[in-house]
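Residue numbers begin at 1 in each chain, while the letters A, B, ... track the order of the sequences. These figures come from a predicted structure and were not determined experimentally.
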Protein chains: 2
Amino acid sequence: MCYGRVVTEVATGNAAAPGRRERKRSQTRADLIAAAHHLFSEQGFDETTTADIAERADVSQRTLFRHFPSKEAVLYGDMEGLRHELRDALAERPSGESIVESLRQAMLSLANDVEQNRGSRLLQGRLAAGYPSVSAYSRAVVQTEWERELIEAVALRLGVDAASDARPEVLAGATMSAIRFATRQWTTGGAKGDYLLLILDAMGCIDDLGMTT
Amino acid sequence: MCYGRVVTEVATGNAAAPGRRERKRSQTRADLIAAAHHLFSEQGFDETTTADIAERADVSQRTLFRHFPSKEAVLYGDMEGLRHELRDALAERPSGESIVESLRQAMLSLANDVEQNRGSRLLQGRLAAGYPSVSAYSRAVVQTEWERELIEAVALRLGVDAASDARPEVLAGATMSAIRFATRQWTTGGAKGDYLLLILDAMGCIDDLGMTT
DNA sequence: TAGAATATGTCAGTCGCTGACATTTGTCAA
DNA sequence: TTGACAAATGTCAGCGACTGACATATTCTA
């Protein structure tokens, strides 16, 4: 069940003037996210119903599901741009650079995002640690999307087909594991440490995975 | 939501005589799995309701949810032992062996299982490819359980704490990616090829991940 | 064989999520 | 400005996964 897609109808070419309609739309979207984050952090994820969220955002429950395909999607609703940032960051790396180094540099996007959205990211991390359904969504949807970006970027750089060559997927998998590890450390540590440092540290072992004892 | 646990109440110490009650219990469990697999392969996953499954297994819907915590869990209900097989296989490897080699050898368990349950594994693979909810469950529950086994085994062998040292998690992540890649190849190829060979092939690149271009 | 333990059925109910239809609101051209 | 079209929203009814509670039946054990 769950996790269905919602057609987000992104800007129709003209990225300059959003217009009142689009402005209102993204406002209710932001309201829903804010309402959800507030309630989740106050009462917990399972303990908050989608009706509660809609109520607090002052829209109907039906409207919530027009903006988000699932309750979990509202929680992660403020991570939209991150995927593209990741993609762009990867695309901008010089092709002369080693791939692992490119991946490392791309992690700056993540670190940047975490720094600018501390509260939200911490909430997401804590809920993922405490609620199986949130953890499942994070793994199965959010992280899988990022992984796909990594895979495609690596495949492009290696000049191979990701469907027939395992290397992109395996390298991306190792990187995602490093991200998970770092994120967990950051979350359980109360978001005090330097996220970027944690990631780079975790990624350090990729260079000599094969040599592991 | 979903994916809650069910207390499976495994054998009460005495592994010899299951007794009629336990026999009946595991029989209805098997019936449910068989019914589900049949209906899933005939009509698809989303198109089959838990009421349908219960009906076909000739039990009440409530009973289904006493045996399995979710519809997805019924689909993967015949994968119980695999996790422990994996663990045992890993525990039995000599500590002198390189860890990657141990992981490779442990993959024999998976390959064995796939060989002995072709139909079921192929169905699971196809449904995971076709239904987001199945794919999500596979990633978030099944694969995550396996990964945890790998992590613990590697941590033990390295003599490090998996909570503070990233290497076990990163190596396990790379391995899981190789498994995913191999499984996808096997599934889309119609389950014709040698699964073990596909896994070993995919794992081949782990040795020199850091050197990638 | 009595009594405890467990498995099952039944029923009512919650909650996530969706389709259908009517209403409002923003947009854009005449 | 107005009038028509498109998109956003509200309302309502309903499906389906999943759960708690209680009664009943079956199995185990002393």
Taken to the nearest whole Å, CZ/B:F45 to P/D:dG16 is 14 Å
Out of curiosity, A:H37 NE2 to A:T48 OG1, how far, rounded to the nearest 0.5 Å?
11.5 Å
Just the rounded figure in Å: distance from C1' of D:dT9 to CZ of A:F68.
15 Å
Taking NZ from B:K24 and C1' from D:dA25, how many angstroms apart are they, rounded to a whole number?
10 Å
Judged by atom type as modelled, is there a donor-acceptor pair below 3.5 Å linking the side chain of A:Q143 to the main-chain atoms of A:M176?
no
Is any side-chain nitrogen or oxygen of B:K71 closer than 4.0 Å to OP1 or OP2 of D:dG16?
no
Ignoring backbone atoms, test whether B:S60 places a side-chain nitrogen or oxygen under 4.0 Å from the OP1 or OP2 oxygen of C:dG9.
yes
I need the B:D58 CG to B:T28 OG1 distance, nearest 0.5 Å.
11.0 Å
From A:W146 atom CH2 to A:T175 atom OG1, the distance as rounded to the nearest 0.5 Å:
13.0 Å
Rounded interatomic separation in angstrom, taking CD1 from A:I53 and P from C:dC15:
12 Å
B:E72 CD to C:dG16 C1', in whole Å, measures 14 Å
What's the closest nucleotide to the B:R21 side chain, out of D:dA17, D:dT27, D:dT9?
D:dT27
For the CZ atom of A:R180 and the CZ atom of A:R139, what is their distance to the nearest 0.5 Å?
4.0 Å
Does D:dA8 have OP1 or OP2 sitting under 4.0 Å from an N or O in the side chain of A:H67?
no
Five pairs at each end of the helix from C:dT1-D:dA30 to C:dA30-D:dT1: take the axis at both ends and give me the angle between them to 10°.
20°
When the distance from CZ of A:R25 to P of D:dA7 is rounded to whole Å, what number comes out?
11 Å
Between A:R66 and D:dA8, is there a side-chain N or O to OP1/OP2 distance below 4.0 Å?
no
Between B:R62 and B:R20, which is nearer to the 5' end of DNA chain D once each is assigned its nearest nucleotide?
B:R62
Looking only at side-chain atoms of A:T63, point me to the closest of C:dC17, D:dG10, C:dT8.
D:dG10
B:S70 side chain N/O closer than 4.0 Å to the phosphate oxygens (OP1, OP2) of D:dA17?
no
Would you mind reading off the distance between A:D31 atom CG and D:dA8 atom P, rounded to a whole angstrom?
16 Å
Pick the closest DNA chain D nucleotide for B:T50 and for B:R23 by heavy atoms, then say which residue is nearer the 5' end.
B:T50
Which whole-number value in Å describes the distance from A:D46 CG to D:dC18 P?
13 Å
About how many Å separate CZ of A:R93 and CD1 of A:I99, when rounded to the nearest 0.5 Å?
13.0 Å
So, taking the atom named CZ in A:F40 and the one named CD1 in A:I33, what distance separates them when rounded to the nearest 0.5 Å?
11.0 Å
